[in-house]
There are 2 protein chains.
Amino acid sequence: MELRQLKYFLKAKELLNFTEAANVLNISQSTLSQQIKQLEDELHVLLFNRIGKRITLTEAGEVFGEYAAQSINRANDGLLVLQDLKNLNKGKITIGVIYSMRILFARTLIEFARQYPNIKIQVVFGTTKDLLEKLNANEFDFILTFHENLKEPHLKCQALLKANMVLVTARKSALAQKKSISLDEVAQLPLALPFSGYSTIHFFVQSFSRKNLEPNICMEINDIPTLFEIVKTGHWHTILSDTSVNDPEVVGIPIDGKNMKRTIMIISLKEAYEKKAVKKFYELLASMHAKNL
Amino acid sequence: MELRQLKYFLKAKELLNFTEAANVLNISQSTLSQQIKQLEDELHVLLFNRIGKRITLTEAGEVFGEYAAQSINRANDGLLVLQDLKNLNKGKITIGVIYSMRILFARTLIEFARQYPNIKIQVVFGTTKDLLEKLNANEFDFILTFHENLKEPHLKCQALLKANMVLVTARKSALAQKKSISLDEVAQLPLALPFSGYSTIHFFVQSFSRKNLEPNICMEINDIPTLFEIVKTGHWHTILSDTSVNDPEVVGIPIDGKNMKRTIMIISLKEAYEKKAVKKFYELLASMHAKNL
DNA sequence: TAAAATCAATCGATAAAACCGATTTAGAGA
DNA sequence: TCTCTAAATCGGTTTTATCGATTGATTTTA
């Protein structure tokens, strides 16, 4: 059993197609087939069922896959550690970010890229749910998202900042002059809110429920610029964290109440090695945030 | 980088001698030398310093070794899991046991070997300190030892039983008729106690201190049968857990006091895969203990 | 329904890598 | 100073990984 075989196996497990997996791995289909077979012979177990020309994962394959992934991850982390040890100052960061963090994050991203030009950065925006799934699949170094009461011991959570939830309305709107707004008033307004995949909406359903209010949700949309376009009409309003509001034609009005703040967290896998570049990014995030106070 | 190279590296790291490591691994010295060099080239770092004809581990080697070991362990655990999944009913258990547990353990060992003749069992007796070191080095599946307030989150601790600490004296001794004895009385006696490497002595120093008593420790000996020989003279006495007393010429007299019981624990590594054979052994230990109540 | 396309397994050949024994080099020990 | 020991190197052999071609069976398309 070698790491190479584990890598082949895991890609085949992911794609459930030997031909495609071989292509992705830059080897021939016959090589992959033979290497998988050799691994199965060594383990005395079938990792895949061959049904016609399709393959499916066996239970043994599912179980073994966990260990195979961990083995490869440990070896890769060892490599990363050595790179850090040598201060090679190169490498790659992969980050998942919720849409609400775009503004502050973009500024941090730019500054980081300036300071560390040799570090490749990959950023994926998405919902909390999607980002957590990918984090658990070791596809990210960390994600930025709202605090969600995760209670998952394999995750490391660090609070970054608290964001105020605000009513977003058109600058031309009569409401725009208000310095703050109550939840009761908000409940009377026609709202266009982010899609249910966003944790934000769940947060608000709870907030309204606590006060026996029912929000008037007319629309649910999976795109913040589109929400801004809708808000600019003056008819609908939305609710976002103040970190998201950057369109000059809209304003964010603070919503009354102690529970109208949400904590943005940095979440990573406890078992994964924490690259120096990742630590540097954390430091920059914290200092960029402090600058905004 | 392949698992084979990690295995070669780790053995060289352990022995700090390429020739010896190669012999143990059943490969030639030149193969090992070349494979290590190839690994170093791939990692862009020296894992060993070559000083004349000797080698020493570099800091990079030390650091990388942790990850290499974890990677190999994960792969091996995967193999073990599959064996269990197939109920191959074979394999190996390695167990560390403190001396105090010899009697109960021996009976469990014999019964387990009878029930599972295809499982190879390796047992090492030793002190708590030694056993913990080896457990942390992944050399045991689990160890049996007294509860030590470990506070090490990577360890899994299960209570097995409570052992009574008793004064061990010669059957011919005047004390032998007593049904119990107080700590004050014990403090007046010439004692031969197990060596400081045993956790037992530390336990007692604390017990005597709590009552402002000072024990009269004349000897410290690292062998329980020898302690029995000394106790049989009638002059000296010792203190052991009742699980250790099996010589017909000595008796164990219960020592008064609530704190004269000690918990025997099963300790294992949380991250290591728990073999079915190990679970079976735990069950047998528990049932053998229940039988003795 | 037949033809075409697709995918995994197999085969034989080739290329690459692991391995080995012999030797060299250099340091340690007697 | 001589002998011994251990790692590095070299050239050759053996083993393994890989490949392209082909086969067989299933799926998709016309």
Side-chain angles (χ1 to χ4, degrees), chain A residues 1-62 64-65 68 71-72 75-76 79, chain B residues 1-62 64-65 68 71-72 75-76 79:
Chain A
M1 169 167 36
E2 299 292 3
L3 288 172
R4 173 178 40 78
Q5 287 171 321
L6 301 185
K7 189 173 77 174
Y8 293 175
F9 160 61
L10 287 172
K11 185 57 69 179
K13 172 177 178 284
E14 175 194 333
L15 301 176
L16 289 178
N17 182 309
F18 281 12
T19 305
E20 196 177 334
N23 286 340
V24 172
L25 291 163
N26 287 321
I27 61 174
S28 75
Q29 174 269 325
S30 54
T31 296
L32 189 100
S33 183
Q34 289 176 105
Q35 287 298 308
I36 296 291
K37 181 169 165 48
Q38 192 177 40
L39 181 59
E40 286 173 328
D41 289 344
E42 183 171 337
L43 300 175
H44 302 299
V45 79
L46 280 185
L47 299 171
F48 298 101
N49 287 315
R50 279 75 160 174
I51 303 167
K53 63 174 189 178
R54 296 281 182 264
I55 59 170
T56 62
L57 199 64
T58 62
E59 184 192 353
E62 192 65 59
F64 184 73
S71 181
I72 285 193
N76 282 337
L79 184 50
Chain B
M1 166 170 36
E2 297 292 3
L3 288 173
R4 173 176 42 75
Q5 289 170 320
L6 301 186
K7 188 173 77 173
Y8 294 174
F9 160 62
L10 287 172
K11 184 58 69 177
K13 173 177 178 281
E14 176 192 335
L15 300 177
L16 289 178
N17 183 306
F18 282 11
T19 305
E20 197 177 331
N23 286 340
V24 171
L25 292 164
N26 288 322
I27 61 174
S28 75
Q29 175 267 324
S30 55
T31 296
L32 188 99
S33 184
Q34 289 175 106
Q35 287 296 309
I36 297 291
K37 180 170 166 46
Q38 194 178 38
L39 182 58
E40 286 173 328
D41 289 345
E42 184 171 335
L43 299 175
H44 300 302
V45 80
L46 279 186
L47 299 171
F48 298 101
N49 288 316
R50 278 76 160 171
I51 305 167
K53 281 300 162 208
R54 300 286 179 262
I55 59 171
T56 61
L57 199 63
T58 61
E59 184 192 354
E62 192 65 59
F64 184 73
S71 181
I72 285 192
N76 282 336
L79 184 48

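Numbers restart at 1 for each chain; the letters A, B, ... are given by sequence-line order, proteins then strands.
- Ionic pairing of K11(A) and E14(A) is present here: one or more N-O contacts between side-chain nitrogen and carboxylate oxygen are shorter than 4.0 angstrom.
- For N49(B) and dG27(C), the CG to P distance is 14 Å, given to the nearest whole Å.
- In this structure, E2(B) contributes its side chain and R4(A) its backbone to a donor-acceptor pair below 3.5 Å.
- Between N17(B) and dA7(D), a side-chain N or O to OP1/OP2 separation shorter than 4.0 Å is present.
- The CG-C1' distance, from L47(B) to dA7(D), rounds to 15 Å in whole Å.
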So if I define the base as every atom that isn't primed, P, OP1 or OP2, how would nucleotides 17-30 of chain D read as a B/S/- string at a heavy-atom cutoff under 4.0 Å? SBBB-----BSS--
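- Summarising the geometry of T31(B) relative to S28(B), their closest heavy-atom pair is OG1-OG, 2.9 Å, with the distance given to 0.1 Å.
- Between the CG atom of N23(B) and the P atom of dT5(D) there is a distance of 13 Å, rounded to whole Å.
- L32(A) comes within 4.0 angstrom of nothing in the nucleic acid, heavy atoms only.
- Atom CE in M1(B) sits roughly 17 Å away from atom C1' in dA17(C) (whole-Å rounding).
- Looking at heavy atoms from C-beta onward, F18(A) lies in side-chain contact with R50(A) at the 4.5 angstrom threshold.
- In this structure, E20(A) places its CD atom 13 Å from P of dT6(C), rounding to the nearest Å.
- F18(A) places its CZ atom 10 Å from the C1' atom of dC7(C), with the value rounded to the nearest Å.
- Of the candidate nucleotides dT10(C), dA6(D), dA8(D), dA6(D) has the atom lying nearest to any side-chain atom of T19(B).
- One end of the helix from dT1(C)-dA30(D) to dA30(C)-dT1(D) points its axis 30° away from the other end's axis, with each axis taken from 5 pairs and the angle rounded to 10°.
- Summarising the geometry of T19(B) relative to N17(B), their closest heavy-atom pair is N-OD1, 3.0 Å, with the distance given to 0.1 Å.
- For I55(B) and dG27(C), the CD1 to P distance is 16 Å, given to the nearest whole Å.
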